[in-house]
Number of protein chains: 2
Amino acid sequence: MHTTVLRSATREVTLGHDRRFCVIGERINPTGRRLFQEQLRAGDLSAIERDVAAQVAGGADVLDVNMGVPLTDEPDLLGRAIRLVQSCTDLPICIDSSVVEALEAGLAAYEGRALVNSVTAEDERMELILPLVKKYDAAVIALPNDADEIPMESTKRLRLVDKIVEVATSEYGIAIADIVIDPLAMPIGADPTVVCSFLETVEGIRTKHGLNTTCGASNVSFGMPERHQLGAAFLTMAMGAGLTSAIMDARTPAIVEAVRAADVLLGNDEWGMAWIGAHRARQAAAAAAP
Amino acid sequence: MHTTVLRSATREVTLGHDRRFCVIGERINPTGRRLFQEQLRAGDLSAIERDVAAQVAGGADVLDVNMGVPLTDEPDLLGRAIRLVQSCTDLPICIDSSVVEALEAGLAAYEGRALVNSVTAEDERMELILPLVKKYDAAVIALPNDADEIPMESTKRLRLVDKIVEVATSEYGIAIADIVIDPLAMPIGADPTVVCSFLETVEGIRTKHGLNTTCGASNVSFGMPERHQLGAAFLTMAMGAGLTSAIMDARTPAIVEAVRAADVLLGNDEWGMAWIGAHRARQAAAAAAP
């Protein structure tokens, strides 16, 4: 079983199958946030400081940073955002963009060992992104879709995982441990079979490659009521199948605590020491409250 | 994949791998309930009516009934309790005792098709209990332990499952679909590996036999703080691995809702119709509240 090491200037976080689950905070992302988009277009990055603080308080281990705002200079914006986040917290960063130049600007600005989000199994994307991952000694999230399709069957996704692993390691010299697979979490409201396929894919990746895995967990509950409960149930199930991290809502205690409960159950929080410590801290805080 | 049919006089409940999870309410059980024990010893069964109502309101699909009070006539008490429960609800019953005479009295008193809790892989227990299961056309919960040990390794548990299935079907003529395996859920606080073993066993039973499974879910969080969250995480993980029912806390919304969320995600509540309906009912109730 592989471990993936991420670092900020001063802190190291390790993803692994017998480690505590890695909570990657999803919030620093303008998608669906109209006000934040307007602020970013106007060069106002102050909301980021609040988003960092809320996610650190919520228990994030890593922060995803995405600056995908149409009609902006995304490379410049992402570089500035990463410097700002690093001035607020020592958590490692997941640099998130579909624009190759923005990924490079982010990597150049970043102090530490980043997680790049993301590459696909498309030859063209691998050619553009994997050399950057190698140059900056980063780890990379890889999605099992290619130019033809986003396959729905786990067997097809697993074949694309094989391809990515083969190409990244043998053609680009990337260590297999630095490949984190995102098996594609999709909305259950659109298709009742997507979570079963997802779980099969996660389990297949664990069994065959021993790689770390991640996903955009909030996608699953898109369009459904009571999203927090669906998110908590999804993450705990996925952890049972072998998921080792997620880009997720780190600000909602019900979701983060579900992940920490699953850590106890899977033996990743041995004897529940962290769980019991968090419980005692909450009790102490409640007792100290007026 | 097998389905197990349980019935009361008027209602049928089916356990299965593509069905909604079967919530078996655990509450009608004097273990650890001193006051209830005293009431039962004095012949006062009135608490049962409240326990039935609370579990029906909480969303139980089946009710477990256990009358294991030391120094009582357990067969008589269990027979009376079952008649009382059947006068309060039409949910099917899981008849729970380690005393063979009590199981027989319960089966004789019961109207419908019961679930017998439980038999083990011990030859002596199978000889005593399986003929009763056959005689009363019941289904039976079987635990993979024998006279030698409660094995901790999933491979050993799976061998005992093989033995039970072989003996129950070929020697006692019980339909394989009527065997529900309880892979033994143990406290995570006592050993950090028990849940991983449990999940492997559940998955092995699904893959090899396609049988339904159950467990005493509350055992897992025994001795730990924040038991509801651990219980919710355990059940959703176990459902991901193939668990199809549990004897569990049916009175705590956070736990039952976690199970229903997992049903949505696994496609057992197709398009989330029940989930969305429950959400709307809660909204309507909140709007109607003064």
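Proteins get letters first, then strands, A, B, ... in listed order; numbering begins at 1 in each. As a basis for the values below, the full set of heavy atoms in this structure was taken, side chains included, without hydrogen atoms, waters or symmetry mates. Worth saying up front: this structure is predicted, and the values here are computed from it rather than measured.
Highest contact tally toward chain A, considering only B:Arg260, B:Glu270, B:His279, B:Glu257, is held by B:His279 [criterion: heavy-atom pairs under 4.5 Å]. Contact count versus chain B (heavy atoms, under 4.5 Å) is highest, among A:Glu226, A:Arg282, A:Met239, A:Gln229, for A:Glu226. For the set A:Leu230, A:Val194, A:Val259, A:Ile276, the count of heavy-atom pairs under 4.5 angstrom toward chain B peaks at A:Leu230. Taking chain A as the reference chain and counting heavy-atom pairs below 4.5 Å, the highest number among B:Pro225, B:Gly267, B:Ala261, B:Gly240 is found for B:Pro225. Between chain A and the options B:Thr193, B:Val264, B:Leu235, B:Leu199, heavy-atom pairs under 4.5 Å are most frequent for B:Val264. The most heavy-atom pairs under 4.5 Å with chain B, out of A:Leu265, A:Ile188, A:Thr236, come from A:Leu265.
At a 4.5 Å heavy-atom cutoff, A:Arg280 makes no contact with chain B through either its backbone or its side chain. Interface residue A:Glu203: only side-chain heavy atoms are found under 4.5 Å from chain B. Contacts of A:Ala190 with chain B are made by backbone atoms alone, with heavy-atom separations under 4.5 Å and no side-chain atom involved. For A:Leu266, the parts lying under 4.5 angstrom from a heavy atom of chain B are both the backbone and the side chain. For B:Asp191, the part lying under 4.5 angstrom from a heavy atom of chain A is the backbone only. Contact annotation for A:Ala262: both backbone and side-chain heavy atoms come within less than 4.5 Å of a heavy atom of chain B. Interface remark: A:Val220 contributes side-chain atoms only to the contact with chain B (heavy atom separation under 4.5 Å). Residue contact with chain B, scored on non-hydrogen atoms closer than 4.5 Å, is absent for A:Asp269.
For the side chain to side chain donor-acceptor pair (under 3.5 Å) with B:Thr244, the qualifying choice from B:Thr214, B:Thr3, B:Asn212, B:Thr4 is B:Asn212, the only one to do so. Checking each of B:Arg159, B:Lys156, B:Arg157 against B:Glu149 for a salt bridge (charged side-chain N to carboxylate O under 4.0 Å, His left out) leaves exactly one that passes, namely B:Lys156. Partner of B:Asp96 under the side chain to side chain contact (heavy atoms under 4.5 Å, CB included) criterion, out of B:Asn117, B:Leu115, B:Ile24: B:Asn117 alone. For the side chain to side chain contact (heavy atoms under 4.5 Å, CB included) with A:Pro144, the lone residue among A:Thr120, A:Ile205, A:Leu184 that qualifies is A:Leu184.
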**Message:** Set out, in order, the CA-CA distance, both residues' side-chain angles and the distance that settles side chain to side chain contact (heavy atoms under 4.5 Å, CB included) for A:Val13 and A:Cys22, then state yes or no.
**Reply:** CA-CA 8 Å; A:Val13 169; A:Cys22 180; 4.1 Å; yes
**Request:** Starting from the C-alpha separation in whole Å, work towards a yes-or-no answer on side chain to side chain contact (heavy atoms under 4.5 Å, CB included) for B:His2 and B:Leu211.
**Result:** CA-CA 6 Å; B:His2 296 291; B:Leu211 289 176; 3.9 Å; yes
**Check against side chain to side chain contact (heavy atoms under 4.5 Å, CB included), A:Met237 and A:Leu243** = CA-CA 9 Å; A:Met237 281 179 145; A:Leu243 190 75; over 6 Å; no
**Request:** Give the C-alpha distance, both sets of side-chain angles, the deciding distance and a yes or no for side chain to side chain contact (heavy atoms under 4.5 Å, CB included) between A:Phe21 and A:Asp61.
**Result:** CA-CA 9 Å; A:Phe21 190 79; A:Asp61 300 302; over 6 Å; no
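Distance check: A:Ile28 CD1 to A:Cys94 SG gives 11.0 Å after rounding to the nearest 0.5 Å.
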